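Structure record follows, encoded as structure tokens.
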Amino acid sequence: MSKYSKKVKEKVISLFEKGWGRFRIATEFAIPESTVRNWLYKFNLSHNLDHKISKQVFSADFKRKVLETRWKNKLSFKETAELFNLDNPSLIAIWQKRYLEEGILGLQPKPKGRPPMKTKIEIKTQVDSIQKSDKERNKELEAENARLKYEISFYDDFMKEMREIAKPNRAVKKSTSNCHRKIKNNISSSVYAQILWY
């Protein structure tokens, strides 16, 4: 049972048709403005206040067309829903999210309910296809393995070259630290501190 009677809804529609604004109607009947807006929207769609949002199944092509129209014309979800006579603008938001995450496959209608049991013939063909796909998967893994081995060998060669380049720098650092040690041992600590400051 709805919170508001059909008479109240009809009065709201008649006042709107007489030229009253949504906000004025909402304050007159102490109804939230969003509720008035929803009633007007449903009435404009079907000219019937008892219109219920029905579960429709839309094709992936239709969903893609809706999304592309929305993006091309830079429409809001509500404007797009009105353009395509859809009851629920949030449905377009759901389609958009699925499309961005999964691509066109996300827009395919999902089968409802429990899937039917498979026959023995279907099971056998499925096992054969799995075995074929295992062979293909092995080939893919071997190719990936070869590529990774090549990358590792390249990385190892690169690291060897970097170590060779870095060796002279180590020798310079050791020789400078040895010089500092010799100087420090031969002079007083206050003089050594002054040398380091300059």
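Quick caveat: nothing in here was measured; it's all calculated off a predicted structure.
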- Just jot down the side-chain hydrogen bond (donor to acceptor under 3.5 Å, both in side chains) partners of E68, sequence neighbours excluded, or say none. R64
- Task: Of all the heavy-atom pairs spanning F84 and T69, show the shortest one and how long it is.
- Result: CZ-OG1, 3.6 Å
- Query: Is the NZ or CZ atom of R22 both under 6.0 Å from the centre of the six-membered ring of F16 and within 45° of that ring's axis?
  - Reply: no
- Message: Test of understanding: with ring pair (Phe, Tyr, Trp, His ring centres under 6.0 Å), list the residues that count as partners of F29, not counting sequence neighbours.
- Response: none
- Query: If you measure from CD1 on I13 to CD1 on I25, what distance do you get to the nearest 0.5 Å?
  - Reply: 8.0 Å
- On a heavy-atom basis, the closest approach of P109 and F58 is CG-O, 3.7 Å
- Message: Could you report the tightest heavy-atom contact between Y99 and L107, atom names first, then the distance?
- Response: CD1-CD1, 3.5 Å
- Is K78 close to E82 at the side-chain level, that is, under 4.5 Å between some pair of heavy atoms? yes
- Minimum heavy-atom distance E79-L75, with the two atoms named: OE1-CA, 3.4 Å
- Message: Any non-hydrogen side-chain atom of I31 less than 4.5 Å from a side-chain atom of V8?
- Response: yes
- NZ of K63 to CD of Q96, rounded to nearest 0.5 Å, is 14.0 Å
- Report yes if the side chains of K149 and N145 come closer than 4.5 Å at any heavy-atom pair, otherwise no. yes
- Item | Which atom of G106 lies closest to which atom of R98, heavy atoms considered | O-CD, 3.5 Å
- Residues two or more places apart in sequence or in another chain: which of them pass side-chain hydrogen bond (donor to acceptor under 3.5 Å, both in side chains) with S59? none
- Heavy-atom closest contact (A60 atom, I104 atom, distance): O-CD1, 4.4 Å
- Testing L91, L86, V66 for side chain to side chain contact (heavy atoms under 4.5 Å, CB included) with T80, which one passes? V66
- Item | Atom pair CZ/CG of F62 and L67 - distance to nearest 0.5 Å | 10.0 Å
